[in-house]
Amino acid sequence: MSGPRYIQAEEISSQVAELCGLACCRLPEDVLACLSRAEKEEKSPVGRKVLTMLLENAGLARRENIPLCQDCGTAVVWANLGQEALIRGGDFYQAISRGVALGYDKYYLRKSMAHPFSRANSNDNTPPIVHLSLVPGRSLALTLAPKGGGAENVSRLFMLAPALGREGVVKAVLDTVDQAGANPCPPLVVSLAVGGNMEDAALRAKKNLLLRSLTEPNPDPEAAVLEEELLAAVNRLGIGPAGLGGSVTCLRVLADIKACHIASLPLAVNLQCHAARHQTVVL
Amino acid sequence: MRKISLPFTLEELGGIRAGDWLSLSGVVYTARDEAHRRMTLALARGESLPFPAPDAVVYYTGPSPAPPRLIFGSAGPTSSYRMDPYTPALLAQGVKAFIGKGPRSPEVRQALVEHQALYLAAVGGAAALLSRAVREARIIAYPELGPEAVRRLRIEDMELVCINDARGGDWYVSGQNSWRSL
């Protein structure tokens with residue numbers, strides 16, 4: 001066996017800076033594929049018009065290298081660190097933070113982070129929200145998602161009674177999307193995590209938005225069935241693209257099911273606007 | 001698509017219906033959360049708004065910074081409900097239309113009818129596309145707020161849809177209801 005592999009903090013900063021620019025200006029292929037399919041399937045003429053505009057917007061942003069959306073989000077970083085890799089030359093979290101500050105400046109991205117009470121802007125979009133997972137291997141995979149405020153504000157965490165069961169979960173997800181209406185910029189990606197506990201449910205719902213492809217089926221058959229059922233039900237709400245009415249309110253449901261305490265039925269519903277931005281780099 | 005050159009005439013304000021698409025040209029002012037809080041405090045102190053309020057149009061947006069080669073950064077609408085508490089005061093000053101996204105409170109919808117004003121939506125997330133309609137931009141108040149500063153924009157042919165008209169029509173309700181099948 002060879003020794004650990006070393007990754008320089010400076011390299012992390014420069015890669016994170018590039019991820020910020022890429023993520024804010026380029027819609028990933030899986031999201032584009034979902035939007036194109038939605039444009040064909042949407043039954044409302046107004047809905048189709050909106051979807052055409054969103055596809056044009058994505059093309060323009062990519063060609064001009066400008067942000068898809070003025071809300072360049074909170075920088076959420078999911079780091080899968082190989083257990084045989086070591087970070088050298090500085091603090092890991094500071095390296096990511098520095099990369100975010102560099103990237104948001106370099107690519108003319110909006111700085112949206114402010115003190116909760118004074119609302120004074122930090123002016124460099126720091127702090128990022130960083131989640132670290134230890135995984136087998138020698139590499140570091142960094143995924144960055146600029147998470148906009150509109151969809152995050154209408155996301156919900158429920159600590160349901162176990163008696164409410166699967167039906168209660170379905171109802172809570174539908175209520176969340178229905179009450180959100182036009183605010184989170186539909187068509188949405190709806191990510192739900194059932195089970196675990198309070199913070200675990202919220203984290204898994206977010207993690208799936210960052211790491212799962214919208215065009216790949218869910219490997220868990222129980223979750224896959226729940227995804228299909230919820231997608232059909234959400235699309236019967238009629239909210240439609242931009243909330244102007246239509247048959248496509250949701251592009252994809254991502255579901256994650258896990259064991260929980262005998263007293264609990266935790267549910268996190270993280271809504272994501274159609275600008276489901278995320279980019280990954282492997283060091 | 002109906003072409004409108006700002007300011008709105010009384011006839012236009014009364015004739016536009018929820019669900020109508022408009023192509024808007026003229027001057028609009030950007031303001032979002034913190035600018036609204038400050039403007040409302042200024043009004044309470046007896047001061048005036050940082051722009052001429054009569055017939056004004058307010059766009060709820062916080063643009064991304066403009067690269068040197070472009071006139072303006074990406075600038076789509078932000079969720080309007082956060083500005084609901086401040087909106088009746090701006091209507092009382094004479095503001096005639098607001099551009100944003102997402103539903104308004106019952107109080108705002110009622111005040112729009114009372115003041116014969118409109119609530120228009122831009123397509124949320126189409127920020128790069130919407131920035132193309134901006135032909136001139138300058139900061140006129142609260143520069144320290146960065147993206148939340150108040151800006152004077154001259155726009156040409158910005159595509160918008162009327163959500164709340166001056167008669168109480170609400171396109172989020174009527175547009176969605178016709179596709180709802182629960």
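Each chain gets a letter, A, B and so on, in the order its sequence line appears, and its residues count up from 1. Keep in mind the model is a prediction, meaning the values are calculated, not measured.
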Where is the tightest heavy-atom contact between [X] and [Y], given as atom of each residue plus distance?
X     : Y      : result
A/L54 : B/G124 : CD2-O, 3.9 Å
A/P67 : B/S64  : CG-OG, 3.7 Å
A/I66 : B/A128 : CD1-CB, 3.7 Å
B/S79 : A/G150 : OG-CA, 4.3 Å

Looking at [Y], is its backbone amide N or carbonyl O close enough to the side chain of [X] to form a donor-acceptor pair, meaning the two atoms are under 3.5 Å apart?
X      : Y      : value
B/W171 : A/L244 : yes
B/Q176 : A/G246 : no
B/K101 : A/N183 : yes
A/Q70  : B/S74  : no

Does B/R132 come within less than 4.0 Å of A/E56, counting only side-chain N to carboxylate O? no
Ion pair A/R110/B/E148, N-O distance below 4.0 Å: no
Choice from [options] maximising heavy atom contacts with chain A below 4.5 Å:
options                : result
B/G62, B/P103, B/S174  : B/G62
B/A126, B/G175, B/S131 : B/A126
B/P147, B/G102, B/G125 : B/G125

With heavy-atom distances below 4.5 Å as the criterion, would you say the side chains of A/T249 and B/W179 are in contact? no
[X] portion near chain A, given a 4.5 angstrom heavy-atom threshold:
X      : answer
B/S178 : neither
B/T61  : side chain
B/A66  : backbone
B/A75  : backbone
B/P67  : both

Side chain from CB out, backbone as N, CA, C, O: work out which of these in A/N121 comes under 4.5 Å of a heavy atom of chain B, or both, or neither. side chain
Given heavy-atom pairs under 4.5 angstrom as the criterion, report whether the side chain, backbone, both or neither of A/K49 touches chain B. side chain
Restricting to side-chain contact (heavy atoms from CB on, under 4.5 Å), what partner residues turn up for B/R180, sequence neighbours left out? A/D178, A/L237, B/N177, B/L182
Sequence neighbours excluded, every pair satisfying ring-ring contact (aromatic ring centres under 6.0 Å, His included) that has a member inside residues 233-253 of chain A: none
Heavy-atom count around [X] [atom1] within 6.0 Å, excluding the residue itself: above 12?
X     : atom1 : value
B/E11 : CD    : no
B/L10 : CG    : no
B/E47 : CD    : yes

Top residue by heavy-atom pair count (under 4.5 Å) with chain B, among A/S44, A/S112, A/G59, A/G47? A/S44
Who wins among A/C69, A/P241, A/P184, A/G243 for the most heavy-atom pairs under 4.5 Å with chain B? A/G243
